[in-house]
Amino acid sequence: MSRDQALSKDEMAALVAKDIAPGSFVNLGIGQPTLVADFLPEGSGVVLHTENGMLNMGPAATEGEVDPDLINAGKIPVTELPGASYFHHADSFAMMRGGHLDVCVLGAFQVSATGDLANWHTGAPGAIPAVGGAMDLAIGAKSVFVMMGLFAKDGTPKLVLDCTYPLTGVGCVDRVYTDVATFDITSDGVVVTDTFGISYDELTDRLEVPLVRG
Amino acid sequence: MSRDQALSKDEMAALVAKDIAPGSFVNLGIGQPTLVADFLPEGSGVVLHTENGMLNMGPAATEGEVDPDLINAGKIPVTELPGASYFHHADSFAMMRGGHLDVCVLGAFQVSATGDLANWHTGAPGAIPAVGGAMDLAIGAKSVFVMMGLFAKDGTPKLVLDCTYPLTGVGCVDRVYTDVATFDITSDGVVVTDTFGISYDELTDRLEVPLVRG
Amino acid sequence: MRVRICATAAEAVADVADGATVLIGGFGMAGMPVQLIDALIEQGAGDLTVVSNNAGNGDAGLAALLAKGRVRKVICSFPRQQDSWVFDGLYRAGKVELELVPQGNLAERMRAAGAGIGAFFCPTGVGTPLAEGKETREIDGRTYVLEYPIRGDVALVGAHRADRMGNVVYRKTARNFGPVMATAATTTIVQVAEVVETGELDPEAIVTPSIYVDRIVTG
Amino acid sequence: MRVRICATAAEAVADVADGATVLIGGFGMAGMPVQLIDALIEQGAGDLTVVSNNAGNGDAGLAALLAKGRVRKVICSFPRQQDSWVFDGLYRAGKVELELVPQGNLAERMRAAGAGIGAFFCPTGVGTPLAEGKETREIDGRTYVLEYPIRGDVALVGAHRADRMGNVVYRKTARNFGPVMATAATTTIVQVAEVVETGELDPEAIVTPSIYVDRIVTG
């Protein structure tokens with residue numbers, strides 16, 4: 001679907017949603033990845049996990065539905081779908097860390113050419129670190145998808161040879177969805193699987209990471 | 001209650017029951033220790049644990065009550081008391097191994113002067129070993145009580161300097177109830193706390209273990 | 001991936017391969033997936049490693065699987081029982097290998113497999129023949145043995161009810177090893193008395209969430 | 001030992017000692033034992049180590065405990081939030097120590113404490129700053145970090161209902177850390193919305209069995 005315009009956040013989310021197989025068990029990270037839920041097709045049977053102890057989480061609660069005991073990992077009130085189940089935190093993270101989730105979708109500051117992920121801490125002096133479940137998610141799911149803009153505001157790429165930010169996980173990212181291109185991180189290198197509003201040549205020019213044409 | 005006659009199995013069980021504080025959480029091993037349940041006073045609030053996943057187990061099921069899904073660790077049909085709960089094997093053994101049971105009562109082949117326990121395997125050639133939950137129980141409870149005859153059929157003592165049978169646990173036994181005497185295993189030695197139908201002198205004569213008069 | 005509701009136990013176990021490690025639930029007969037074991041015997045896979053609390057009772061179920069010579073190795077806590085004559089005979093004849101594991105280690109090692117734990121320092125068995133040759137370490141004044149996960153290719157679990165999504169509940173002490181085995185196997189097959197509509201099980205009382213269940217069959 | 005049903009939260013926390021490690025349940029406000037924290041503030045114990053997922057929100061609850069200067073150290077996974085100004089200020093002023101722990105490690109380390117596990121090889125955090133200086137080991141081709149138990153002197157847990165024996169159930173995602181914390185502390189104090197008669201809770205649906213509960217108070 002290569003095209004001549006960059007993707008909006010919704011379009012990126014739709015693209016991720018299309019790559020999630022029906023019936024998958026999926027954890028959507030806080031922030032942009034949450035958008036993916038809106039683009040899962042009706043009847044896909046995709047089951048959403050939230051690490052604070054629930055499977056088959058439903059959409060965000062509307063005003064009349066808010067229940068303070070029913071929130072997602074971002075502490076947003078959510079709803080319960082038929083077939084939902086609840087479990088405690090150790091069981092929930094055992095589920096993640098034991099490799100039972102099919103897909104998790106995460107935001108990122110940086111992804112390296114070998115799939116290292118940096119998404120929890122800028123390392124800036126004075127910044128208070130907070131990690132939450134990011135490190136558990138990064139290493140746990142069968143497939144880890146990252147959604148991010150390919151370039152930072154100052155134009156520097158976020159797909160890099162080596163992460164300069166503190167790592168969340170080593171070699172854990174499988175696929176990267178950005179506004180201008182999608183990438184598979186493979187043992188043969190970083191494969192460009194699609195481009196949007198950028199040419200392959202411009203991409204290779206702007207990234208230090210060696211690319212493989214998909 | 002020192003007296004001039006050895007204890008019957010029921011009397012031993014009654015003695016153990018008297019030493020279990022009201023409200024204790026208790027696991028009674030297979031065999032003789034099971035008798036202890038019959039001597040817990042009405043309203044003691046003692047809660048019985050069975051390692052196959054239940055707290056507040058009731059007495060053995062009578063004929064009309066038998067439910068094949070409700071058995072104890074000895075695979076005997078039992079009943080459920082109000083306030084019972086069920087959990088899976090990993091949770092059940094976490095409960096034992098994490099030190100949450102107040103007391104467990106076990107049978108034994110041998111107990112050593114330092115509280116080593118041998119109760120799972122005779123080590124006889126050709127014998128098929130089976131351990132079940134014995135090793136987990138031995139190291140898990142806050143207090144481990146042993147019930148056994150003090151002497152084997154051939155007259156050799158079962159309270160010994162060092163166990164000759166394969167060990168179940170090291171230094172884990174706190175108290176030993178036998179037909180002719182009771183003992184506390186302490187850091188100051190083996191203390192005789194009571195005798196039944198045997199004199200203290202005869203006891204010291206027949207055991208190699210150095211004894212302390214309680 | 002989505003659970004498959006199988007029409008027969010035969011369909012549910014059709015792809016169990018020779019050489020597989022099969023986790024079999026149950027403690028005594030409570031929670032024993034009898035139909036699945038019978039179907040596995042019929043199916044014919046051999047050279048199996050079986051992980052189960054016991055090593056078969058009487059002549060049916062696991063005992064029958066053993067009697068057919070399909071089992072290379074048994075990993076269990078309590079093989080010797082009054083009615084374990086099939087295992088006893090094979091073991092004495094050197095025809096089946098035994099790894100004897102304390103019951104709590106059996107459960108915790110499968111939990112570790114399901115939870116992504118690489119190994120754990122365990123208080124059970126220290127100083128006993130079952131810890132011989134194993135790595136030990138003193139931590140905070142107590143000695144522990146290092147124990148490793150037990151993973152299954154397949155888990156055969158007996159349970160009470162499932163919904164159409166694959167959420168499972170058990171009954172009383174028949175819960176026993178089922179929930180941990182379901183987490184520890186690549187493919188988990190659950191035999192239930194009844195399949196109910198999704199939404200009929202209380203979300204607070206589901207013991208094995210659908211993520212751990214691959215196939216369901218009513219037995 | 002038998003559970004004590006306390007008339008007030010003050011009675012329930014009366015003996016928390018200076019220097020105690022206090023496990024505090026809740027994820028955001030879900031499962032937060034607000035009355036127990038308020039009572040602890042009133043009670044006055046200081047020099048505390050607090051283990052909780054977050055480090056306080058707004059000015060109430062854990063944030064108020066921090067503001068009073070009662071907390072020496074926080075062990076948590078996610079201190080920084082939009083409304084964590086109390087913690088932020090103390091941390092920047094060097095007035096509170098922080099041990100940052102990945103959320104899954106926080107839960108599993110408390111589970112280990114409750115389950116008698118001496119330490120475990122954990123897949124999370126390998127190669128990151130949060131594993132720096134920790135022992136690692138390669139097992140079956142994967143690298144793990146060795147993590148140790150987190151034990152509490154006291155656990156303060158928010159739950160839904162308890163029976164008079166001390167069995168506890170939770171509501172929806174308010175379950176979160178409560179069940180593991182209840183297993184990991186010497187004294188577990190549970191705040192519930194309602195105490196019901198023994199026998200009224202479904203034995204199949206009890207999440208925290210009475211053995212883990214020392215005191216109950218209705219909040």
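The chains referred to below are lettered A, B, ... by the order of the sequence lines, with proteins before strands, and numbering in each begins at 1.
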Problem - Pairwise distance CZ(A/F87) to CD1(C/I211) - rounded to 0.5 angstrom - result: 7.5 Å

Fill in the blank from the handout: Turns out that what part of A/M95 lies under 4.5 Å from chain C's heavy atoms comes down to both

Practice task
Can you see which heavy atom on C/Y212 is nearest to which on A/A94, and at what distance?
Solution key: OH-C, 4.4 Å

Fill in the blank from the handout: Between C/I206 and A/A84, the two heavy atoms sitting closest are CD1-O, 3.4 Å

Exercise for the section: With a 4.5 Å heavy-atom cut-off (strictly below), which parts of residues 109-145 of chain C touch chain A? List them by number. Expected result: C/R111, C/G114, C/A115, C/G116, C/I117

Exercise for the section: Please report the C-alpha distance between C/R2 and A/V47 in whole Å, then the side-chain angles of each, then the deciding distance to 0.1 Å, and finally whether the side-chain contact (heavy atoms from CB on, under 4.5 Å) criterion is met. Expected result: CA-CA 9 Å; C/R2 222 184 291 232; A/V47 175; over 6 Å; no

Problem - Contact origin within A/I139 toward chain C - heavy atom pairs under 4.5 Å - result: neither

Handout entry: Heavy-atom proximity to chain C below 4.5 Å, by part of A/S92
Key = neither

Completion exercise
Given C/T183, C/D163, C/V207, C/L201, the one with more heavy-atom pairs under 4.5 angstrom with chain A than any other is C/T183

Problem - Inter-chain contacts: residues 56-70 of chain A against chain C, heavy atoms under 4.5 Å - result: A/N56

Exercise for the section: Work out which heavy atom in A/L55 is nearest to a heavy atom in C/P209; give both atom names and the distance. Expected result: CD1-CB, 3.6 Å

